[in-house]
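All heavy atoms count here, side chains included; hydrogens, waters and symmetry mates do not. Keep in mind that this is a model prediction, so the values were computed, not measured. Naming: A, B, ... by sequence-line order, numbering from 1 per chain.
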Protein chains: 2
Amino acid sequence: MTVDQATVRLPLSRDRIVSAAVELADAQGIEALSMRKLGQALGVEAMSLYNHVEDKDDILSGMVDWLFAQIGPLDGTADWKVAVRHVAVRAKDVFTAHAWTLPLISAQGIAGPAAFGLMDSVLARLLAAGYPTHLVLHAWHVIASHVMGYSFQETTSVWASDEALDRKKRALLEGYAERFPHVSALAEELMACSFVEEFEFGLDIILSGIEAARDTT
Amino acid sequence: MTVDQATVRLPLSRDRIVSAAVELADAQGIEALSMRKLGQALGVEAMSLYNHVEDKDDILSGMVDWLFAQIGPLDGTADWKVAVRHVAVRAKDVFTAHAWTLPLISAQGIAGPAAFGLMDSVLARLLAAGYPTHLVLHAWHVIASHVMGYSFQETTSVWASDEALDRKKRALLEGYAERFPHVSALAEELMACSFVEEFEFGLDIILSGIEAARDTT
DNA sequence: ACCTGAACACCGTTCAAGT
DNA sequence: ACCTGAACACCGTTCAAGT
């Protein structure tokens, strides 16, 4: 009831800090994420963050696990192939929605609880579908590669969008035109190609391939 | 013949700077690569580098293209599948040999002449093998995803090596044991698994899959 | 043409001091 | 228990000054 309440700040916590970091990185890019700016966004001095978080790496790891939490669990679809397909598509959507995903994962690695939870549920599903353990690992790694590799390309592609092609890059591509005839012949198609369709094309090849491997051993 | 000659320095150049940067990043890690340390390694002040290089990003882009130059061209093997398989394996070997590959590519993108040259030769080969253009792009993206995704996992895996598992991570994994039963049941196999074998398992599934797609359309 | 020293505007992090 | 100000050891980059 007092006026004070309006200005009372939420207490800081690791979760609140990680969320603020995600917002800041989404809005201004990962290279703009500094302890000082993050503190400012939370209405606090940078040094206060160290009361709730080990160091900056700890925040970045928290952001990586936040991504995996966004993907959500495997759904209960009866067919393992359909369920795995769904979760792969969702993972790719989350990863490509945040441009800082790949730089961060490649710097921090993946070792948080949400990531392990997702992995655990997929492994369980494959085991239940009759895969021998060595094939479970093969399948997991091949699927994860596809998801991360594709997100990677979609995020870093030179062809990604007309918008992102600044003059410098455009000049570069024009200069390359006669040196790399096949690339430039396909350049228009490269810019127009649907990453969604391509991702699912590859995913289906992989899912059918590992299923065939299961059924022939 | 004079004593002076022994102390004459090679003139600086973009190539020499990029090579020195590669050496420094290999030896001390990418986060240790600063303009000041790089200058020191070349026997020069940091500010001199700016006479031969636009800025630090320019050096990092040069390092990315250096990687693609290491992979070398598509060989002339008659069978396109064999030739593409070879180059994919070589690419993965180069990428995983330098821990800074993925962080750098994910931050810088891929837009150098060596990278375009490799892409051009693969596209040419697939066109010659009778792929329609839309399938060429699908094939390229799926193969590139597999190479980068796998290099990515091999580089960032928590399971990568006993050596790399510091006490902190080990404690984390032990704490997760009962929460993630399938992961921990497979942990030993995960640590022992051969990334080479798995990479080629997936690669063969993909190559056969795109070939089948070509032959049914 | 190339190199340098000093300076600027930033970093992450520590620590003693405050409440 | 939590927050802060000052400080330390770094960054990338600019620019006037030297040769």
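When rounded to the nearest whole Å, the span between OH of B:Tyr50 and C1' of D:dG12 equals 5 Å. The separation between B:Met35 atom CE and D:dT13 atom P is 6 Å, rounded to whole Å. Between the CD1 atom of B:Ile59 and the P atom of D:dT13 there is a distance of 8 Å, given to the nearest Å. Atom CG of B:Asp55 and atom P of D:dG12 are 11 Å apart (whole Å). Atom pair A:Asp57:CG and C:dC11:C1' shows a separation of 14 Å (rounding to whole Å applied). Rounded to a whole Å, the CD atom of A:Gln40 is 16 Å from the C1' atom of D:dC3. Atom CG of A:Leu49 and atom C1' of C:dC11 are 14 Å apart (whole Å). Following rounding to the nearest Å, B:Glu45 (CD) and C:dT4 (P) show an atom-to-atom distance of 5 Å.
Across C:dC2, D:dG5, D:dC11, the shortest atom-to-atom separation from the side chain of B:Ser34 is found for D:dC11. Closest contact between the side chain of A:Lys56 and the listed nucleotides C:dG12, D:dT13, D:dG5 involves C:dG12. Closest to the B:Lys37 side chain, of the nucleotides D:dG5, D:dC15, D:dC11, is D:dC11. Distance from the side chain of A:Leu12 is smallest for D:dC3 among the nucleotides D:dG12, C:dT4, D:dC3. The side chain of B:His52 has C:dC2 as its nearest neighbour among C:dC11, C:dC2, D:dC15. Minimum atom distance to the side chain of A:Arg36 is reached by C:dG12, of the listed C:dG12, D:dG5, C:dT4.
Remark: aromatic rings of B:Phe195 and A:His141 are close, center separation under 6.0 Å. Taking the six-membered ring for Trp and the full ring otherwise, A:Phe95 and A:Phe68 have centroids separated by under 6.0 Å. Centroid-to-centroid, the aromatic rings of B:Trp66 and B:His98 come within less than 6.0 Å.
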Item to check | Pairing annotation in dot-bracket form, given for DNA chain D with Watson-Crick or G-U pairs under 3.5 Å and | for cross-strand partners | outcome: ||.|||||...|||||.||
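Ring planes of B:Phe152 and A:Phe152: perpendicular class, angle over 60° (limits at 30 and 60°).
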If you restrict it to nitrogen or oxygen atoms, what contacts under 3.5 Å exist between nucleotides 16-19 of chain D and the protein, and what is each distance?
none

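A:Thr77 and A:Asp75 share a side-chain donor-acceptor pair at under 3.5 Å.
With B:Lys92 contributing its side chain and B:Glu200 its backbone, the two residues share no donor-acceptor pair below 3.5 Å. Not a single donor-acceptor pair under 3.5 Å links the side chain of A:Ser19 to the backbone N or O of A:Arg16.
Nucleic acid contact class of B:Ser48 (heavy atoms, under 4.0 Å, all strands): base.
Results of the side-chain hydrogen bond (donor to acceptor under 3.5 Å, both in side chains) test with A:Ser145 over B:His146, B:Glu154, B:Glu198, B:Gln153 single out B:Gln153 as the only residue that passes.
Ionic pairing of B:Arg14 and B:Asp58 is present here: one or more N-O contacts between side-chain nitrogen and carboxylate oxygen are shorter than 4.0 angstrom.
A:Glu188 CD: 12 or fewer foreign heavy atoms inside a 6.0 Å radius.
Distance check, rounded to the nearest 0.5 Å: OH of A:Tyr50 to NZ of A:Lys56 gives 9.0 Å. In this structure, the separation between CE on A:Met35 and CG on A:Asp55 is 7.5 Å, given to the nearest 0.5 Å.
Across residues 26-33 of chain B, B:Leu33 each have a non-hydrogen atom less than 4.0 Å from an atom of DNA chain D (numbered order).
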